[in-house]
2 protein chains.
Amino acid sequence: MDSGVKKPGVTSSQVAEHAGVSQSAVSRTFTPGASISSKTRQKVLASAKELGYRPNAIARSLITNRSRIIAVVMAYLENLFYPDVLEELGRALAAENYHLLLFTGFMDRDSDPVFDQLMQYRVDGIILASTSLSSELSEECATAGIPVVLFNRTTERDAVSSVTTRNREGGKRIAEFLVAGGHKSFGYIAGLENSSTNRDRFQGYVEGLAGHGITSVATETGNYSRVEAQDAARRMFTRPDRPEALFVANDHMAVAVMDVARYEFGLRIPQDISIVGYDDVGPATWTSYGITSMSQPVKRMVEATVDILMDQIASGEIEAEHRILNGDLVVRTSARLPQSGIVSRDGQQIFRPKEA
Amino acid sequence: MDSGVKKPGVTSSQVAEHAGVSQSAVSRTFTPGASISSKTRQKVLASAKELGYRPNAIARSLITNRSRIIAVVMAYLENLFYPDVLEELGRALAAENYHLLLFTGFMDRDSDPVFDQLMQYRVDGIILASTSLSSELSEECATAGIPVVLFNRTTERDAVSSVTTRNREGGKRIAEFLVAGGHKSFGYIAGLENSSTNRDRFQGYVEGLAGHGITSVATETGNYSRVEAQDAARRMFTRPDRPEALFVANDHMAVAVMDVARYEFGLRIPQDISIVGYDDVGPATWTSYGITSMSQPVKRMVEATVDILMDQIASGEIEAEHRILNGDLVVRTSARLPQSGIVSRDGQQIFRPKEA
DNA sequence: ATGTTCGTTGCATACGAATGCAAAATCGCC
DNA sequence: GGCGATTTTGCATTCGTATGCAACGAACAT
């Protein structure tokens with residue numbers, strides 16, 4: 001049982017005294033671009049090293065009004081897409097000398113309590129992945145001058161930026177692919193009903209099919225969850241109108257769906273049923289699954305996200321910016337192949353119809 | 001182009017003025033247990049709400065010398081075990097009103113630069129997952145009064161706590177299981193050479209086999225990496241002494257190994273080769289793999305980790321504490337079954353030999 | 001009415017670093 | 001060596017909150 005007091009660290013004043021200079025000199029030594037002679041600088045650095053001094057980022061934040069912390073709110077970490085994103089974000093933010101305060105395990109609705117926490121730390125920016133934000137809160141961020149970026153979601157709300165891929169075109173491309181593969185009946189396993197990704201992918205899919213005179217799509221909902229996707233798959237495969245081509249709204253669900261198809265219904269993929277996913281993430285590439293999937297360029301999406309944040313932090317202008325990137329339909333073995341339209345790029349097979 | 005200045009937030013003084021009280025009163029309103037009458041408290045809360053005031057955690061940290069931030073250093077996010085851990089950690093820390101500053105994408109060696117960053121934020125504690133720490137740094141943390149917990153790693157170094165499972169016993173249990181399954185030749189695909197988990201699992205495995213007079217174990221190294229595990233598997237399966245029982249040091253690699261076995265070597269699992277993994281994580285449970293695997297109780301490991309941190313933060317006593325938890329050998333379909341020793345628990349099949 | 005006690009309140013200061021301003025030191029040039 | 005120009009330096013203040021201390025007020029007992 002101790003007092004519970006953390007030993008105080010070395011302060012700039014202590015370093016100053018030790019080096020025989022003022023506290024200002026110490027501060028300037030650790031402030032890039034500040035006016036300081038290299039002689040005193042060396043003295044300070046020597047003393048700092050000897051005393052084990054490290055600038056206190058907390059104190060610095062207080063006066064600069066910059067925490068150099070970015071809040072990241074992320075759920076669905078069980079979907080490997082997001083750990084992937086997280087890892088890239090960590091890298092990209094570190095490169096800009098920013099740090100990542102992670103809030104996790106919150107679903108769409110209750111992002112508000114977590115929001116309170118994150119605002120208390122005066123974060124310089126907010127990244128919302130697989131989560132949305134109420135309009136009051138996004139408004140509050142805007143007036144507080146804190147940039148917000150939705151990652152892999154989008155919203156009409158101004159003052160909230162977003163980074164996505166062309167989900168509608170992706171859905172459409174998948175429709176083209178499946179039609180070109182000679183399929184006659186089509187199904188869709190949906191993600192979260194109110195998510196923009198799900199809405200756009202489905203819309204594109206339906207449009208694409210409609211372009212070929214197909215108006216009926218068997219739909220079940222998996223809510224981007226593995227367990228629910230399994231149930232959705234079971235319902236789908238017991239329908240009298242079981243489709244021969246199935247678009248599953250993301251790979252995370254597609255993996256679950258494939259296991260159900262093969263091991264619970266004895267379906268052969270792609271002979272009995274073609275399955276196409278979305279994200280082109282980890283397990284999609286494993287030989288057991290080999291999912292034909294629309295890719296989302298994680299690295300470029302992350303770059304765009306950080307780019308938007310850095311811009312808005314530097315300029316102080318919070319103005320919604322929507323970056324929309326392109327993906328490719330990576331062709332593997334989970335769906336029947338069309339006669340034409342498949343090209344090779346970077347060692348991968350890509351579906352690229354002529355009119356695209 | 002703006003000045004680039006973030007609009008300053010509402011301060012306690014502004015709230016004080018608005019409510020007609022002193023700044024101290026505002027502070028006390030938001031400090032649990034402080035001396036304040038409910039009348040002024042109400043006044044303050046009303047004004048705070050009206051102005052949209054939120055206490056500034058940065059300023060608070062400065063004076064309390066407590067940031068309520070825990071640094072988490074984590075690599076190998078591609079192994080779903082770690083996202084799992086991350087999600088639990090987020091939950092557990094949030095429950096204690098702590099926050100999670102994530103550092104990712106760093107391997108064992110270069111944890112030192114990241115360490116500099118994390119010390120600048122005066123974090124109240126450090127969790128190192130899949131990473132270690134040089135002795136100087138751990139020493140520095142100890143003298144600074146910052147508790148450090150190694151997660152799923154351990155070290156002899158005092159002043160550094162750790163949370164692990166009984167890896168040696170786990171390796172041994174796997175040996176017993178494979179021997180009981182009637183296998184005659186044994187192999188091991190190793191994880192990171194210098195990690196304690198790999199060392200302990202292997203040691204237990206070898207000991208367990210030795211207990212049955214088996215002294216030869218075919219070994220290849222996959223370094224806990226998917227790609228390297230594939231190569232290791234290829235080498236393993238082309239050896240003249242290809243074993244019929246294979247322990248892969250974690251599930252993340254085991255999945256890769258199974259794909260190589262089936263699709264590159266046409267091996268049937270478990271008829272031609274039995275495979276056992278470690279972690280009992282996501283993909284291990286998927287029907288395509290159904291890996292027989294030693295489980296690590298993520299939730300309890302996280303609880304123990306947070307527990308240690310909270311204790312040491314509260315007491316100020318930095319004293320190494322090593323929590324070692326138990327796992328179970330969850331039996332699925334990737335390895336031949338022994339005649340006896342399999343019991344059912346919580347809807348899972350567990351291998352529990354009589355002497356255990 | 002007076003004195004005592006206890007709970008509230010405000011004042012003043014501290015936390016550690018950054019920065020505008022003016023003083024001091026350095027440099028260049030004639 | 002002297003003067004102006006320029007760089008370097010230190011002083012003092014600031015950021016937003018917590019907290020020791022003293023003053024204050026209310027409640028109660030005498």
Side-chain angles (χ1 to χ4, degrees), chain A residues 3-45 47-48 51-68 119-124 144-145, chain B residues 3-44 47-48 51-68 119-124 144:
Chain A
S3 61
V5 184
K6 191 162 62 177
K7 293 92 183 168
V10 183
T11 74
S12 59
S13 305
Q14 291 172 27
V15 175
E17 188 178 16
H18 184 274
V21 298
S22 72
Q23 179 266 326
S24 319
V26 178
S27 169
R28 285 191 254 261
T29 298
F30 291 93
T31 306
S35 168
I36 185 106
S37 73
S38 76
K39 194 167 44 163
T40 49
R41 185 189 169 75
Q42 294 312 322
K43 266 198 297 187
V44 170
L45 285 178
S47 295
L51 300 182
Y53 169 74
R54 263 183 254 269
N56 184 327
I58 299 283
R60 172 181 291 161
S61 298
L62 187 55
I63 191 149
T64 59
N65 202 23
R66 283 274 137 82
S67 62
R68 300 201 82 83
M119 287 299 278
Q120 296 196 2
Y121 277 94
R122 300 298 193 265
V123 297
D124 290 345
Chain B
S3 62
V5 184
K6 189 163 61 177
K7 293 94 183 165
V10 184
T11 73
S12 58
S13 305
Q14 293 173 28
V15 175
E17 189 179 15
H18 185 275
V21 298
S22 73
Q23 179 265 327
S24 317
V26 178
S27 169
R28 285 193 253 260
T29 298
F30 291 93
T31 306
S35 167
I36 185 111
S37 73
S38 75
K39 193 167 47 165
T40 49
R41 187 190 168 74
Q42 294 312 323
K43 265 197 300 186
V44 170
S47 294
L51 300 182
Y53 169 73
R54 264 183 252 272
N56 184 326
I58 298 283
R60 171 180 290 162
S61 298
L62 187 55
I63 192 151
T64 60
N65 202 23
R66 283 274 137 82
S67 61
R68 299 201 81 83
M119 287 300 277
Q120 296 195 3
Y121 278 93
R122 300 299 192 264
V123 296
D124 290 345

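Predicted model, so just to flag it, every value in this text is computed and none were measured. Below, read A as the first sequence line, B as the second, and so on, with proteins coming before strands; counting in each chain starts at 1.
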Main-chain N/O of R41(B) paired to S38(B) side chain as donor or acceptor, under 3.5 Å: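 The answer is no, because no donor-acceptor pair under 3.5 Å joins these two groups.
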Check: R122(B) main-chain N/O paired with S67(B) side-chain donor or acceptor under 3.5 Å: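 Here the side-chain-to-backbone pair exists.
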Do any side-chain nitrogens or oxygens of [X] fall under 4.0 Å of OP1 or OP2 in [N]?
| X | N | value |
| --- | --- | --- |
| S27(A) | dA18(C) | yes |
| S12(A) | dA17(C) | yes |
| T11(B) | dG16(D) | no |
| Y53(A) | dA17(C) | yes |

Please find the pair of heavy atoms, one from [X] and one from [Y], that lie closest to each other, and give the distance.
| X | Y | value |
| --- | --- | --- |
| A19(B) | S47(B) | CB-OG, 3.2 Å |
| V44(B) | V21(B) | CG2-CG2, 3.9 Å |
| V26(B) | S12(B) | CG2-O, 3.5 Å |

How many whole angstroms separate atom [atom1] of [X] from atom [atom2] of [N]?
| X | N | atom1 | atom2 | result |
| --- | --- | --- | --- | --- |
| I63(A) | dC15(D) | CD1 | C1' | 5 Å |
| R122(A) | dG16(D) | CZ | P | 8 Å |
| I58(B) | dA18(D) | CD1 | P | 13 Å |
| R66(B) | dT19(D) | CZ | P | 12 Å |
| R54(A) | dG16(C) | CZ | P | 16 Å |
| E17(B) | dC11(C) | CD | P | 13 Å |
| L62(A) | dG16(D) | CG | C1' | 5 Å |
| R60(B) | dT19(D) | CZ | P | 9 Å |

Touch class at under 4.0 angstrom, heavy-atom based, for V21(B) against every strand present: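 Here V21(B) touches the backbone only, sparing every base.
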Earlier contact from the 5' end, DNA chain D, for R28(B) and N56(B):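 Its nucleotide being nearer the 5' end, the pick is N56(B).
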Nearest-0.5 Å distance that lies between atom NZ in K39(B) and atom NZ in K43(B):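 So the gap between those two atoms works out to 7.0 Å.
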Of residues 32-43 of chain B, the positions that come close to DNA chain C - non-hydrogen atoms, cut-off under 4.0 Å: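 Under 4.0 Å from DNA chain C: S35(B), I36(B), S37(B), T40(B).
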Polar side-chain contact S24(A)-dT19(C) base: donor and acceptor under 3.5 Å: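 Yes, a donor-acceptor pair under 3.5 Å.
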Pairwise side-chain contact, N56(A) with T11(A), heavy-atom cut-off 4.5 Å (strictly under):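 No; the side chains remain at least 4.5 Å from each other.
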